Amino acid sequence: MRIRKTLFAAVAAALLASPSLQSAGAAEAVEPYVRSFGAVSLVKTDGTYWEWGGPKAVPTQIVGLTNVEEVFEGGWIVKEDGTVWIWEEESSGELRTEAVPEANELKETVQAYSHTLALDRSGNVFVRTSDENGNLGAPRPVDGIDDVVDIAFSSSQSVYLFVKSDGSVWVANSDLATVLPLSDVVGASAADDNVVLNADGTVWEVNRTDTVGWDSSLRLAANPIEGLRDIQSISAYREVRLAIDASSRLWFWGATRTGVSDGTIVHKQESPVALSAVADVKQAVHCERSIVVLTKDGSLYETSTSRESMPTDAVFRKLAEDVVSVTEGGRHVIFQKEDGSLWGWGVNKGATLGAGDEEFSHDTPVPVQKPIAVSLDGRTVRLANGVMLRGAQTFVPLRSVFESMGAQIVWDHPTKSVTIQQGDASPLTIVVEYETGTVLKNGSAVFMAEAPFISSGTSYLPLRFVSESLGAKVDWYADQYHIAITTAEE
């Protein structure tokens, strides 16, 4: 049986003609394609789920997850019909999913140590526990707590906080062995880390009163933060605490940092200060050593917390305009603009910005690459890494695409070269030397305006070259960001 050949000429022409795919950095008219997003993931409007980071330098589809409405940390998803599911990829790459019929949609999840907690819309809390290999187990209800409206985990205090609809706060150690009420606070409405917001606009902090026996004791005390009134929302990460009051002013307290690595110094700043240089604040988060603020007019600003103290007149630098929402990932932020496009800013270690480069960080926002699906004869191709845009060309992951078409791929590590072979009436051999950028087609050198490259361990070839080398029918569906390949026997 002869191996099929595939022609990408049509797709190359379509992609190069499409202004939305010519250049990741160029001005473009973006069709809405994101239904929801997280710090390293997104759900497309077609209900497919995509993630990036680590070996995935750009958004890469998790094949098999369909009809998704929203994805949460710890392997939880809510589907379009409101049902809750858990999912994980097996070591073989196969997908495992399981419905959680006891859960009624989801409100949020909290991930800490070996547990992932999920809060549903009915106030029930579920937990998944990971084993020594990091594999998450089946979900089960957390005993002793219900009617919950918010959950939080404080790594500094090693304690979970549960805010109930009656305004009471309940606490549990990281082992979740016992859940007990915290009598110090009444009228609570929300929690983040160890910070509690009361319905009356006051803010409290929950701290351990002992220094030993944390796994078995729950000796805690909640104390009000003096100087904060009419607070509407709170945000806490590491030692930085932020609050927005009824006048949309931003408040800071907690600590700043100077120095790096073993020379890092934490400077406590327990009294809140109003940051006067930014107004009409809608949302504020802390990532790495920066405060990122979204204002009501859609402007995004940042200021550094790498200083000995936070002054009231700290200067904020504008990062972007026309922003509608922001999520933080610890060391970076992902935000969405009014046109639906996603952008990233901050530390990019482990490809957390989804921009397709290996820069450690970005001081100016970069676009998250588009989630481009590839199908072969109507079947979605499982990609090790997503389709990538560089310069004015589109690149495809070599191994995933070629192997799905029956080609043989041989990687030679010493020379950092890959050989692609297809044998039929017209044998084809392609050799790509990634160190030199040399490409040979049946022994003859091929010139490329954009050289092949390796990103996050994945070898890429430009789509233009592939289109000139192989053959079949290919369609580009611009409104779906979808490359459809249809093969034909010769």
Side-chain angles (χ1 to χ4, degrees), residues 108 110 149-164 166-172 180-211 218-257 265-287 289-294 303-314 316 328:
E108 65 174 314
V110 171
V149 296
D150 200 11
I151 56 177
F153 178 76
S154 172
S155 59
S156 65
Q157 305 302 311
S158 191
V159 65
Y160 289 99
L161 302 182
F162 305 91
V163 179
K164 298 186 66 170
D166 62 5
S168 63
V169 176
W170 293 59
V171 295
L180 299 174
L182 181 66
S183 59
D184 298 1
V185 181
V186 294
S189 59
D192 195 11
D193 201 285
N194 68 325
V195 182
V196 176
L197 173 64
N198 266 24
D200 63 4
T202 59
V203 178
W204 298 63
E205 277 194 0
V206 179
N207 293 291
R208 295 274 183 176
T209 58
D210 57 351
T211 57
L218 276 172
R219 289 189 285 272
L220 303 165
N223 297 296
I225 303 300
E226 300 297 334
L228 290 179
R229 296 184 300 276
D230 298 326
I231 300 301
Q232 304 299 298
S233 66
I234 55 174
S235 176
Y237 176 69
R238 297 178 69 175
E239 64 275 349
V240 169
R241 278 81 179 94
L242 303 170
I244 302 172
D245 67 17
S247 300
S248 301
R249 293 183 301 173
L250 179 64
W251 293 79
F252 166 92
W253 77 101
T256 57
R257 290 190 173 208
I265 302 174
V266 178
H267 307 273
K268 291 185 178 182
Q269 190 167 339
E270 297 179 355
S271 297
V273 295
L275 304 182
S276 60
V278 64
D280 294 326
V281 177
K282 177 182 178 181
Q283 184 181 358
V285 297
H286 175 245
C287 69
R289 294 193 185 184
S290 291
I291 298 171
V292 179
V293 172
L294 175 62
T303 192
S304 175
T305 59
S306 184
R307 55 181 91 203
E308 293 185 1
S309 64
M310 181 63 67
T312 59
D313 60 351
F316 281 79
E328 58 86 16

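No experiment lies behind these values; they were computed from the predicted model shown. Just so you know, these numbers use all the heavy atoms, side chains as well, and skip hydrogens, waters and symmetry mates.
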* How would you list, by chain and number, every residue that makes a side chain to side chain donor-acceptor pair (under 3.5 Å) with Arg307, sequence neighbours excluded? -> Thr303
* Structure fact -> Across all chains, not counting sequence neighbours, the side-chain contact (heavy atoms from CB on, under 4.5 Å) partners of Val149 are Lys107, Val163, Ser165
* To do: Check step by step if side-chain hydrogen bond (donor to acceptor under 3.5 Å, both in side chains) holds for Glu226 and Trp253.
  => CA-CA 11 Å; Glu226 300 297 334; Trp253 77 101; over 6 Å; no
* To do: Mind checking side chain to side chain donor-acceptor pair (under 3.5 Å) for Ser233 and listing every partner two or more places apart, or none if nothing turns up?
  => none
* **Side-chain touch Phe316/Val293, heavy atoms, less than 4.5 angstrom** => yes
* **Within-4.5 Å side-chain heavy-atom neighbours: Leu220 and Thr209** => no
* Asked: Is Ser156 close to Asp193 at the side-chain level, that is, under 4.5 Å between some pair of heavy atoms?
  -> yes
* To do: Give the minimum heavy-atom separation between Trp251 and Ala274, together with the two atoms involved.
  => CE3-N, 3.6 Å
* Do Leu182 and Val206 come within less than 4.5 Å of each other through their side chains, counting heavy atoms only? -> yes
* To do: Starting at NE2 of His267, measure out to CD of Glu308 and round the result to the nearest 0.5 Å.
  => 5.0 Å
* Structure fact -> Between Thr305 and Met310 the two heavy atoms that sit nearest each other are CG2-CE, 3.7 Å
* Structure fact -> Between the NE2 atom in His286 and the CZ atom in Arg238, the distance rounded to the nearest 0.5 Å is 7.0 Å
* Are any non-hydrogen side-chain atoms of Pro272 and Ile225 less than 4.5 angstrom apart? -> yes
* Interatomic spacing from OG in Ser309 to CZ in Phe252 - rounded to 0.5 Å -> 9.0 Å
* To do: Taking salt bridge (Lys or Arg N to Asp or Glu O under 4.0 Å) as the test, write out the residues that go with Lys164, two or more places apart.
  => Asp146
* Asked: With Glu328, which residues qualify under salt bridge (Lys or Arg N to Asp or Glu O under 4.0 Å), at least two apart?
  -> none
* **Least distance between heavy atoms, Ala277 atom then Ala314 atom** => CB-O, 3.1 Å
* When you look at Glu239 and Arg257, which way does the salt bridge (charged side-chain N to carboxylate O under 4.0 Å, His left out) test go after all the steps? -> CA-CA 9 Å; Glu239 64 275 349; Arg257 290 190 173 208; 2.7 Å; yes
* Asked: In chain order, what residues pass the side chain to side chain donor-acceptor pair (under 3.5 Å) check against Gln283, with sequence neighbours excluded?
  -> none
* **Pairs meeting criterion side chain to side chain donor-acceptor pair (under 3.5 Å) with involvement of residues 269-279, two or more places apart** => none
* Asked: With sequence neighbours left out, what residues match Asp192 under side-chain contact (heavy atoms from CB on, under 4.5 Å)?
  -> Ile234, Ser235, Ala236
* To do: List the atom of Asp150, the atom of Ala190, and the distance in Å for their closest heavy-atom pair.
  => OD2-CA, 3.4 Å
* Hey, mind stepping through Val196 and Val203 against side-chain contact (heavy atoms from CB on, under 4.5 Å) and telling me if it holds? -> CA-CA 6 Å; Val196 176; Val203 178; over 6 Å; no
* Asked: Of all residues at least two apart in sequence or in a different chain, which pass the side-chain contact (heavy atoms from CB on, under 4.5 Å) check with Ser306?
  -> Arg289, Ser304
* Structure fact -> Applying side chain to side chain donor-acceptor pair (under 3.5 Å) to Asp166 and not counting sequence neighbours gives Ser168
* Without swapping roles, check the side chain of Asp184 against the backbone of Ala222 for a donor-acceptor pair under 3.5 Å. => yes
* **Min side-chain heavy-atom separation Ile291-Leu275 under 4.5 Å** => yes
* Set of residues satisfying ring pair (Phe, Tyr, Trp, His ring centres under 6.0 Å) with respect to Phe153, sequence neighbours excluded -> Tyr113, Tyr160
* Pairs where residues 194-204 contributes a residue and the test side chain to side chain donor-acceptor pair (under 3.5 Å) is met, not counting sequence neighbours -> Asn194-Asn207, Asn194-Arg241, Asp200-Thr202, Thr202-Trp204
* To do: Mind checking the CG-CD1 spacing from Leu197 to Ile244? Nearest 0.5 Å is all I need.
  => 11.0 Å
* **Shortest non-hydrogen contact from Ala284 toward Leu250** => CB-CD1, 3.6 Å
